[in-house]
A.B. asks: 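Please see the structure below; I have some questions.
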Amino acid sequence: MKKFFNVNGSCNPQIHYMIDLSERLSEIKKMVDAGEYFTINRARQYGKTTLLAALAEYLKSDYKVISLDFQTISYGDFENEEKFVAAFSNEILISEYDIPEDIRSTLLHLADGKERNVTLSVLFRTLLQWCRISEKPLVLIIDEVDTATNNQVFVDFLAQLRAYYLRRMQMPTFRSVILAGVYDVRNVKSKIRPEENHKMNSPWNIAAKFKIDMNFSVDDISGMLNEYEQDYQTGMDVVEIAEMIYSYTSGYPYLVSCLCKMIDEDIKGESKTAWSKQDVLTAVKMLLNDKNPLFESLIGKLNEYLGVKNLIYRLLFRGENIGYNPDDSGIDMAEMFGFIKVRNGNVYISNRIFETRLYNMFLMSTDEQEKDVYREGARLKNQFIHDGTLDMRRILEKFVEYFDDIYGDRDEKFLEADGRRYFMLFLKPIINGTGNYYIEARTRNDEQTDMIIDYLGQQYIIEMKIWHGNAYNERGEKQLSDYLEYYHVDKGYMLSFNFNKNKKIGVKEVVLGEKLLIEAVV
């Protein structure tokens, strides 16, 4: 059976192209060896289940690993302790074969649910007995643990684990307990009892910090592609393709695998010459138009948590420089769901794929498409495309003309908050279905934003900024020229939103060395 790129469920190195997890597994084992209890919290489809399966295999020479999945325990099983004990015991019996006979007998008795008034303490006496007689220290791994976090029985279960953790020097107990999910169970009480004084009282406050990076690096992606290349000899430039995939995904595991799978199965087909830079761009476009569980989950979270939605809007359209504050509920939730990452004390959208998809979500809503500026872009679309290339100068000229007629008398607050969004609304129907755009995170702030458009393999770099005088503008010109050099492009574009009443609107050309800048002022 040939290997393939997997995006559904856990990966298996025997049948799937995977990154090498050995270094991460070694680091996690150090935590287990140290007797730490911890939680692996990452967003949906981040490779948690794959990592846990590999970890269980990695640990088994030194430990007896009990590996469970709370998805298999129904909501009703958390109704009371009696039902939970039966369900938990049954899950162990199903998942584990090598169980001491007397422990198995007790678990079978607990699992049948016939005995009434069974409590968690009965279950834990059985588990502790197993810890006492086992030749190898026991490690408990529970995946999808956050499916249980709205239940008081689960809080009590965590409290039992905590109690025996604190007494681990006096009696045998689990060497390590690893809980995996999206939600951080250290804050579980805040879900059950929303009062502020309960937020810090989770019984899982004993957990060590899990600091291991689960994002794929360029080297990780290269290793996976090298294995693929050994099988198919496509002649791809492995490092170049890995770097390009990383530039769009920032190493988000599911997105990396999706792009690879699309290139392999949808773009390459029977050909052996795929895996070019254009193939990556084509796969990016396909992924952005794909309806998959990850994107559905992200959009659902935005609609469920308005604080997160507001944060994302401020990052995308207002270019705000938002500092990381772990006590801000919007930031905390956005980070937990995978929307944002933290760098140098500020928050950013996690990757270009998410960013573009989120832009599309806001810009392609019915309300936004009903705006006149969107309709105007769609009406004039044919004027801007010639022989498969965008006439960006013409786009800027028409936008300046239209924007000044409709919005020219608006105040500074309007321009600063919404000007860039209106340009993107004008641009969206022009490139929709053929090109994509993303914001260069390194230059995003409340005064300046660099947008990069990918259209049929050609890149167009547009700096959108708030006007702050001629000196500032000249610095912006020099900076844009430097970015053009970085992207190996000879022509760039500037769009300035000017608040001065006597401003001179229009489009002009500026030559800086070997670079040509097309500047538009509205």
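Note that the coordinates shown come from a computational prediction; the quantities given were computed from them, not determined experimentally. Index from 1, following the sequence.
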A.B. asks: Under a 3.5 Å distance rule, please check whether Asp279 uses its side chain to pair with a backbone N or O of Ser276 as donor and acceptor.
C.D. replies: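 Such a contact is found between Asp279 side chain and Ser276 backbone.
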A.B. asks: Determine yes or no for a side-chain-to-main-chain donor-acceptor pair under 3.5 angstrom, with Asp404 supplying the side chain and Val400 the backbone.
C.D. replies: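 No: the side chain of Asp404 does not pair with the backbone of Val400.
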A.B. asks: Taking the side chain from Arg44 and the backbone from Leu294, do they hold a donor-acceptor pair closer than 3.5 Å?
C.D. replies: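 Absent.
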A.B. asks: Assess whether atom NZ of Lys478 is packed by more than 12 heavy atoms of other residues, nucleotides or ligands within 6.0 Å.
C.D. replies: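 Check fails, neighbour count at 12 or below.
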A.B. asks: Suppose the criterion is ring-ring contact (aromatic ring centres under 6.0 Å, His included): which pairs have a residue in residues 374-394, not counting sequence neighbours?
C.D. replies: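 For residues 374-394, and leaving out neighbouring residues, there are no ring-ring contact (aromatic ring centres under 6.0 Å, His included) pairs at all.
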A.B. asks: Regarding Asp143 and Thr49, do their side chains bring together a donor and an acceptor under 3.5 Å, going by distance alone?
C.D. replies: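 There is such a pair between these side chains.
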A.B. asks: Hey, mind stepping through Phe337 and Tyr183 against ring-ring contact (aromatic ring centres under 6.0 Å, His included) and telling me if it holds?
C.D. replies: CA-CA 8 Å; Phe337 295 138; Tyr183 292 89; 5.8 Å; yes
A.B. asks: More than 12 non-hydrogen atoms from neighbouring residues, nucleotides or ligands closer than 6.0 Å to CG on Asn344, yes or no?
C.D. replies: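 At most 12 heavy atoms, drawn from other residues, nucleotides or ligands, come within 6.0 Å of this atom.
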A.B. asks: Verify the ring-centre separation between Phe423 and Phe403: is it less than 6.0 angstrom?
C.D. replies: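 Not close enough - the centres of the two rings lie 6.0 Å or further apart.
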A.B. asks: If we ignore hydrogens and angles and just use 3.5 Å, is the side chain of Ser496 paired with the main-chain N or O of Asn498 as donor and acceptor?
C.D. replies: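 No, Ser496 side chain to Asn498 backbone: no donor-acceptor pair under 3.5 Å.
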A.B. asks: Would you give the length of the straight line joining atom CD1 of Ile241 to atom CD1 of Ile263, rounded to the nearest 0.5 angstrom?
C.D. replies: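 So the CD1 of Ile241 and the CD1 of Ile263 are separated by 6.5 Å.
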A.B. asks: Apply side-chain contact (heavy atoms from CB on, under 4.5 Å) to residues Tyr46 and Asn215 and explain how you reach the verdict.
C.D. replies: CA-CA 8 Å; Tyr46 221 99; Asn215 289 298; 2.3 Å; yes
A.B. asks: When you measure from the side chain of Glu229 to the backbone of Gly235, do you find a donor-acceptor pair of N or O atoms at a distance under 3.5 Å?
C.D. replies: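 Side chain of Glu229 to backbone of Gly235: a pair is present.
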A.B. asks: When you check the gap from the basic side-chain N to the acidic O, do Lys277 and Asp454 get nearer than 4.0 Å?
C.D. replies: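 Asp454 and Lys277: not salt-bridged.
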A.B. asks: Look at the aromatic rings of Phe497 and Phe399 and report parallel, tilted or perpendicular, splitting at 30° and 60°.
C.D. replies: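 Plane angle over 60°, so perpendicular.
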A.B. asks: Who are the ring-ring contact (aromatic ring centres under 6.0 Å, His included) partners of Tyr402, not counting sequence neighbours?
C.D. replies: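 Result, ring-ring contact (aromatic ring centres under 6.0 Å, His included) vs Tyr402: none returned.
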A.B. asks: May I have the step-by-step check of side-chain contact (heavy atoms from CB on, under 4.5 Å) for Ile178 and Leu55, ending in yes or no?
C.D. replies: CA-CA 11 Å; Ile178 305 166; Leu55 179 63; 3.6 Å; yes
A.B. asks: Less than 4.5 Å apart, any side-chain heavy atom of Leu427 and any of Met451?
C.D. replies: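 With C-beta onward as the side chain, the pair touches.
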A.B. asks: Sequence neighbours excluded, which residues qualify as side chain to side chain contact (heavy atoms under 4.5 Å, CB included) partners of Asn325?
C.D. replies: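 Side chain to side chain contact (heavy atoms under 4.5 Å, CB included) check on Asn325 returns Asp327, Asp328, Ile331.
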A.B. asks: Taking atom CZ of Phe295 and atom CG of Asn360, what is their separation to the nearest 0.5 Å?
C.D. replies: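 Phe295 CZ to Asn360 CG: 10.0 Å, rounded to 0.5 Å.
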A.B. asks: For residues 510-522, tabulate all N or O donor-acceptor pairs below 3.5 Å that involve a side-chain atom, not counting sequence neighbours.
C.D. replies:
from: Lys515; atom 1: NZ; to: Glu485; atom 2: OE1; distance (Å): 3.3
from: Lys515; atom 1: NZ; to: Val489; atom 2: O; distance (Å): 3.1
from: Lys515; atom 1: NZ; to: Asp490; atom 2: OD1; distance (Å): 3.4

A.B. asks: Is it true that a side-chain atom of Thr249 and a backbone atom of Leu255 form a donor plus acceptor pair closer than 3.5 Å?
C.D. replies: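 Such a contact is absent between Thr249 side chain and Leu255 backbone.
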A.B. asks: What distance separates Ile395 CD1 from Leu390 CG, expressed to the nearest 0.5 Å?
C.D. replies: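 These two atoms lie 5.0 Å from each other.
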A.B. asks: Taking the basic N atoms (NZ, or NE/NH1/NH2) and the acidic carboxylate oxygens, is any pair closer than 4.0 Å for Glu27 and Lys30?
C.D. replies: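 So Glu27 pairs with Lys30 through a salt bridge.
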A.B. asks: Checking Glu227 now: which residues fulfil side-chain hydrogen bond (donor to acceptor under 3.5 Å, both in side chains) with it, not counting sequence neighbours?
C.D. replies: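 Once residues adjacent in sequence are excluded, the partners of Glu227 under the side-chain hydrogen bond (donor to acceptor under 3.5 Å, both in side chains) criterion are Lys3.
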A.B. asks: Does the ring centre of Tyr313 sit less than 6.0 Å away from the ring centre of Phe362?
C.D. replies: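 Yes; Tyr313 has its ring centre under 6.0 Å from that of Phe362.
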A.B. asks: Mark yes or no for whether Ser247, through its side chain, and Met244, through its backbone, hold a donor-acceptor pair below 3.5 Å.
C.D. replies: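 It does hold such a pair.
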A.B. asks: Measure centre to centre between the rings of Phe5 and Tyr228, then say whether the value is under 6.0 Å.
C.D. replies: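 Ring-ring flag for Phe5/Tyr228: true, centres closer than 6.0 Å.
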A.B. asks: Is there a donor-acceptor pair closer than 3.5 Å between any side-chain N or O of Ser297 and the backbone N or O of Pro293?
C.D. replies: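 Flag not set: sc Ser297 to bb Pro293 has no pair under 3.5 Å.
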A.B. asks: Output the distance between atom CG (Leu456) and atom CG (Leu281), rounded to the nearest 0.5 Å.
C.D. replies: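 If I round to the nearest 0.5 Å, the distance is 10.0 Å.
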A.B. asks: Ignoring hydrogens and angles, state whether a donor on the side chain of Lys48 or Asn41 is under 3.5 Å from an acceptor on the partner side chain.
C.D. replies: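 Side chains of Lys48 and Asn41: no pair found under 3.5 Å.
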A.B. asks: With sequence neighbours left out, what residues match Thr356 under side-chain hydrogen bond (donor to acceptor under 3.5 Å, both in side chains)?
C.D. replies: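 By the side-chain hydrogen bond (donor to acceptor under 3.5 Å, both in side chains) rule, Thr356 matches no residue at all.
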A.B. asks: Nearest 0.5 Å, what's the OH-CD1 distance between Tyr437 and Ile462?
C.D. replies: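 The OH atom of Tyr437 sits 11.0 Å away from the CD1 atom of Ile462.
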A.B. asks: After noting the C-alpha distance and the side-chain angles of Asp372 and Ile406, does the key distance pass the side-chain contact (heavy atoms from CB on, under 4.5 Å) rule?
C.D. replies: CA-CA 9 Å; Asp372 289 340; Ile406 305 300; 5.8 Å; no
A.B. asks: For Gln278, does the CD atom sit with more than 12 other heavy atoms under 6.0 Å from it, leaving out its own atoms?
C.D. replies: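 Atom CD in Gln278 is crowded, with more than 12 foreign heavy atoms closer than 6.0 Å.
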A.B. asks: For Ser250, what residues pass the side-chain hydrogen bond (donor to acceptor under 3.5 Å, both in side chains) criterion, not counting sequence neighbours?
C.D. replies: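 Per chain and number, Ser250 pairs via side-chain hydrogen bond (donor to acceptor under 3.5 Å, both in side chains) with Lys341.
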A.B. asks: Within this structure, what is the NZ-CG distance for the pair Lys371 and Leu363, rounded to the nearest 0.5 Å?
C.D. replies: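 The NZ atom of Lys371 sits 10.0 Å away from the CG atom of Leu363.
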A.B. asks: Between Arg42 and Phe210, is a side-chain contact (heavy atoms from CB on, under 4.5 Å) present by the stated rule, with each step listed?
C.D. replies: CA-CA 10 Å; Arg42 293 295 184 275; Phe210 184 78; 3.7 Å; yes
A.B. asks: With a 3.5 Å cut-off and sequence neighbours excluded, list the donor-acceptor pairs that the side chains of residues 6-14 form with protein atoms.
C.D. replies:
from: Asn6; atom 1: OD1; to: Asn8; atom 2: N; distance (Å): 3.2
from: Asn6; atom 1: ND2; to: Asn8; atom 2: O; distance (Å): 3.3
from: Asn6; atom 1: ND2; to: Gly9; atom 2: O; distance (Å): 3.3
from: Asn6; atom 1: ND2; to: Ser10; atom 2: O; distance (Å): 3.2
from: Asn12; atom 1: OD1; to: Gln14; atom 2: N; distance (Å): 2.8

A.B. asks: Can you name the side-chain hydrogen bond (donor to acceptor under 3.5 Å, both in side chains) partners of Tyr324, sequence neighbours left out?
C.D. replies: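 Scan of Tyr324 (side-chain hydrogen bond (donor to acceptor under 3.5 Å, both in side chains), adjacent residues dropped) gives Glu335.
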A.B. asks: With Glu243, which residues qualify under side chain to side chain contact (heavy atoms under 4.5 Å, CB included), at least two apart?
C.D. replies: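 Once residues adjacent in sequence are excluded, the partners of Glu243 under the side chain to side chain contact (heavy atoms under 4.5 Å, CB included) criterion are Val218, Val239.
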A.B. asks: Any pair with a residue in residues 387-402 that passes salt bridge (Lys or Arg N to Asp or Glu O under 4.0 Å), sequence neighbours left out, goes on the list, sorted by first then second residue, please.
C.D. replies: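 Every salt bridge (Lys or Arg N to Asp or Glu O under 4.0 Å) pair that includes a residue of residues 387-402, provided the two are not neighbours, is Arg393-Glu397, Arg393-Glu509, Arg394-Glu397, Lys398-Glu401.
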A.B. asks: Do Tyr252 and Phe216 pass the ring-ring contact (aromatic ring centres under 6.0 Å, His included) test, and can you show the C-alpha distance, the side-chain angles, and the key distance before you say yes or no?
C.D. replies: CA-CA 7 Å; Tyr252 196 109; Phe216 294 175; 9.4 Å; no
A.B. asks: Taking only residues two or more places apart in sequence, or in another chain, which ones meet Asp219 in a side chain to side chain contact (heavy atoms under 4.5 Å, CB included)?
C.D. replies: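 Ser217.
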A.B. asks: Considering all heavy atoms of both residues, which atom of Leu298 and which atom of Phe339 are nearest to each other, and what is their separation?
C.D. replies: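 Looking at all heavy atoms of both residues, the shortest contact is O-CZ, 3.2 Å.
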A.B. asks: Between Arg343 and Tyr348, is NZ or CZ placed under 6.0 angstrom from the six-membered ring centre and within 45° of the ring axis?
C.D. replies: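 Judged by the rule, Arg343 and Tyr348 form a cation-pi pair.
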A.B. asks: In sequence, state the C-alpha distance, the side-chain angles, and the governing distance for Arg24 and Asp220, and then conclude on salt bridge (Lys or Arg N to Asp or Glu O under 4.0 Å).
C.D. replies: CA-CA 11 Å; Arg24 292 172 175 83; Asp220 289 331; 2.8 Å; yes
